[in-house]
Amino acid sequence: MYINKAAFKKAFVLLLAVSFFFTGCSPKDTARKASQGTSREVLSAEERFEQLVDQLFYESVSSSGLTLHSTLSDPEAYGITDFPDTLGEYNPESIRENYAELKEEYEILRSIPRKELPSNLQTDYDILLEYMETKQQGEDFLLYDYPFSSVSGIQVELPIILAEYRFRSQEDVDHYLLLLEDIDDYYEQLLEYVQAQTEAGIFLSDLTIDGILASLKAYLDAPETGMMAETFEARLDELPNLTEEQQSAYLAENEAILKDDFTHAYTLLSEELPKLKGHLDTPVGVASLPDGKKYYEYLLNASTFTSYKSPKSLQGAIVKRMQTDLKSAYDLLYEKPELVRTLASFQPSVKDPEEALTDLKEKMLADFPALPACSYEVRMLPEALEEFSSPAFYLTPPIDSLNENFIYINRSSATTQKDIYTVMAHEGYPGHLYQCNYFNAVNDSRLRALLSFSCYVEGWATYVQYLSYQWEEGVTPELARLLALNESAYLALYALVDYQVNYEGMTVENLSRFLNDTLGIDSPAVAAVLHQTVCEDPANYMKYYVGYLEITEMRETAEQVLGNAFIPKEFHTFLLDFGPAPFAVIREHFTDWLAEETPVAPPQTESGGDRLIIR
């Protein structure tokens, strides 16, 4: 899992605020200039496109103080001198305004003749066009988001992101304290949003609210001496030229804000959320919401940017891949029955995350391009937060820095205890940390740095995580293959359940029967937990599996076409150089790449009836 610090809010659209800090003019004035140029000159298509991109970039990074600091380590180098001192806006009216701006800027984009752009900007144009068209589909669902949840909710993630707010100067300390002071106002907005959901008939279940309330306790237990206080003092210690008097004053101010604003924010949630109980005992899939199927279609597209045209065609591909993986596993076990015993007794040899990263960095180089040196730090998640956090996560660095990389490990997670090696492959090398910093190093497009495509990112990390079994000490190729097939099949099952529950409306009782009939899992408790998970975070498993599926399908096509000429490093370099994008766009360029790699024309894999076609 990765957490994009610059997009910590679950925003509906690209633009997160109406403030525009770079040129001193309003977004509408800037949009008009991007569309029409000035009275003195007629801008070329390239100039108009670049102007639009600049507008989008500066509006987005300046949407909140935390977004700006997390995106850029040196905003002044980008011409930004005004720093917003709030966490931003989150309410139906501001979201509605954002959609209006998005529509306006979409029309500007459509008015720019694509054919007049150089090839690299044509690619950026295609990516932005699909991004905007997809995001606009969410306008009918202003109240369908879930800012709070027991594991990935904003109430869990925001303090962690604030705790990683790096102090590069004394001004950063002042700015951080202003942001921390705004947390109660921000949570009031989120609470009003959830209350508006309830009035519209979109309910949090009692079970979900209980999970959220449990997560709040970790932050209400003496916050002035907990993680927020400890990390603040540690960051102050790293700041040069700070006098003891200044440090003492900052510590006192931070403690006062934690006791006042921070405590008030979490107390407010703990007092008001229980008032929303009484509508649902347990969570239900989005299929039960008004226009729920249509919403899931939007959510699936916006979460994955898959090349598959419809949820049904994607579901068919997931089932087919799952069946193929299970058959391959059965065939392998038939040929080597001793693998059953080996699999059951498998114990990874590497237990330390730092050791795992060192080993992975060396062994991956045979199949992956080298990455410029960058620093990173592995941290253990505070014990109080372990119950409500993912097994591990990577915090993205600013786009203009390679030296602010943090991986958090949840020591209580069964996943990290079972195999820290593959967890580090997912979060570190050649997963999130590697992919993120590689693309930052090769990318020169502000637009590409701005847009987020989590399905590519999580799909890549999942793909390399399964590959990493082959590098573990003492793991035979056959066992590595079996472990990867097993993990892939289980993730496919979770993605399939996500679809069945949230699109087809499968109940927890039907899910229990499905698990028993399909995999022999006769446990209503397991079915209940899985049902709750996909209801509370719909399409989340899809981000992981669909990205993995798309990448795997491209690799298999390349292997089929190139045969012995297939070189994994070259395939990986293509994907890394192209970077995060909609998979329909990636597949178009993949076909071009494949044509260059072989004199034989490759099959047009993306032009089938279930695929989106960009050309």
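The structure displayed is predicted, hence computed values, not measured ones.
- Using modelled atom types, one side-chain atom of D400 and one backbone atom of D74 make a donor-acceptor pair closer than 3.5 Å.
- Ring centers of F141 and Y144: under 6.0 Å apart, within the cut-off.
- The existence of a salt bridge linking R446 and E50 is excluded, since no basic side-chain nitrogen approaches an acidic carboxylate oxygen closer than 4.0 Å.
- Remark: the backbone N or O of G579 is not paired with any side-chain donor or acceptor of W460 at under 3.5 angstrom.
- Neither side chain, S63 nor S60, offers a donor N or O lying under 3.5 Å from an acceptor on the other.
- Under the 3.5 Å distance criterion, the side-chain polar atoms of H69 are matched with a main-chain donor or acceptor of R166.
- Judged purely by atom type and a 3.5 angstrom limit, T422 has no side-chain atom pairing as donor or acceptor with the backbone of A425.
- With hydrogens and angles ignored, the 3.5 Å screen pairs a side-chain donor or acceptor of N405 with a backbone N or O of S375.
- Shortest non-hydrogen contact noted between I551 and F571 is O-CZ, 3.8 Å.
- Qualifying salt bridge (charged side-chain N to carboxylate O under 4.0 Å, His left out) partners for R321, counting only residues two or more places apart in sequence or in other chains: E556.
- The NZ atom of K327 sits 12.0 Å away from atom CG of L485, with the distance rounded to the nearest 0.5 Å.
- Separating the CG atom in D592 from the CD atom in E588 is a distance of 6.0 Å, to the nearest 0.5 Å.
- Shown here are the salt bridge (charged side-chain N to carboxylate O under 4.0 Å, His left out) partners of K363, two or more places apart in sequence or in another chain: D359, E473.
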Check against salt bridge (charged side-chain N to carboxylate O under 4.0 Å, His left out), E46 and R48: CA-CA 5 Å; E46 182 174 354; R48 290 170 62 197; over 6 Å; no
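- Between the CZ atom of F574 and the CZ atom of F590 there is a distance of 7.0 Å, given to the nearest 0.5 Å.
- For the atom pair Q51 CD and L56 CG, the distance stands at 11.0 Å (nearest 0.5 Å).
- Checked against salt bridge (charged side-chain N to carboxylate O under 4.0 Å, His left out), D140 has the following partners two or more places apart in sequence or in another chain: K294.
- Nearest heavy atom pair, residue A584 against residue E130, reads CB-OE1, 4.1 Å.
- Y494 and Y544 have their aromatic ring centers separated by at least 6.0 angstrom.
- A distance-only check finds no donor-acceptor pair linking the side chain of D325 to the backbone of S488 [under 3.5 Å].
- Here the shortest heavy-atom pairing between H432 and A461 reads CE1-CB, 3.4 Å.
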Worked verdict on F57 versus Y78 for ring-ring contact (aromatic ring centres under 6.0 Å, His included): CA-CA 10 Å; F57 180 85; Y78 289 76; 5.8 Å; yes
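- Legend: side-chain hydrogen bond (donor to acceptor under 3.5 Å, both in side chains) pairs involving residues 572-586, not counting sequence neighbours, sorted by first then second residue: Y438-D577, Y463-H572.
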Check the pair K293 / E297 against salt bridge (charged side-chain N to carboxylate O under 4.0 Å, His left out), numbers first and verdict last. CA-CA 6 Å; K293 278 202 165 188; E297 290 172 0; over 6 Å; no
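- In terms of modelled atom types and a separation under 3.5 Å, the side chain of N502 and the main chain of D498 share a donor-acceptor contact.
- Under the salt bridge (charged side-chain N to carboxylate O under 4.0 Å, His left out) criterion, D124 pairs with no residue, sequence neighbours left out.
- Residues satisfying the side chain to side chain donor-acceptor pair (under 3.5 Å) test with E76, not counting sequence neighbours, are none.
- Looking at residues two or more places apart in sequence or on another chain, you find a ring-ring contact (aromatic ring centres under 6.0 Å, His included) between Y503 and Y296, Y499.
- Ring centroid separation for the pair F368 and Y429 does not come in under the 6.0 Å cut-off.
- Applying the side chain to side chain donor-acceptor pair (under 3.5 Å) rule to Y469 yields no partners; only residues at least two apart in sequence or on another chain are considered.
- S44 and E116 share no donor-acceptor pair across their side chains, judged by distance under 3.5 Å alone.
- There is no side-chain donor-acceptor pair under 3.5 Å between E404 and S73.
- V464 has its side chain out of reach of Q435: every pair of non-hydrogen atoms, C-beta onward, lies at least 4.5 Å apart.
- A side-chain donor-acceptor contact under 3.5 Å links S111 to the backbone of I108.
- R481 CZ: 12 or fewer foreign heavy atoms inside a 6.0 Å radius.
- In terms of the side chain to side chain donor-acceptor pair (under 3.5 Å) criterion, Y541 has no residue partners (sequence neighbours excluded).
- Residues that satisfy the ring-ring contact (aromatic ring centres under 6.0 Å, His included) test with F583, not counting sequence neighbours, are absent from this structure.
- Across all non-hydrogen atoms, the minimal contact from L66 to Y165 is CD1-CD1, 3.9 Å.
- Here the CD atom belonging to E458 is positioned 6.5 Å from the NZ atom belonging to K543, to the nearest 0.5 angstrom.
- Neither side chain, E536 nor Y146, offers a donor N or O lying under 3.5 Å from an acceptor on the other.
- With hydrogens and angles ignored, the 3.5 Å screen pairs a side-chain donor or acceptor of Q470 with a backbone N or O of L467.
- Pairing each heavy atom of A370 with each of L365, the nearest pair is CA-CD2, 4.0 Å.
- Annotation: side chain to side chain donor-acceptor pair (under 3.5 Å) contacts of Y408 (sequence neighbours excluded): E164.
- Residues K569 and A366 come closest through the heavy atom pair CE-O, 3.7 Å.
- Without hydrogens or angle criteria, S401 side chain to N403 main chain gives a donor-acceptor distance under 3.5 Å.
- Applying the ring-ring contact (aromatic ring centres under 6.0 Å, His included) rule to F439 yields no partners; only residues at least two apart in sequence or on another chain are considered.
- Between D145 and Y90, the side chains place a donor N or O and an acceptor N or O closer than 3.5 Å (distance only, hydrogens not considered).
- Relative to the ring axis of Y125, R110 does not place its NZ or CZ within 45° and under 6.0 Å from the centre.
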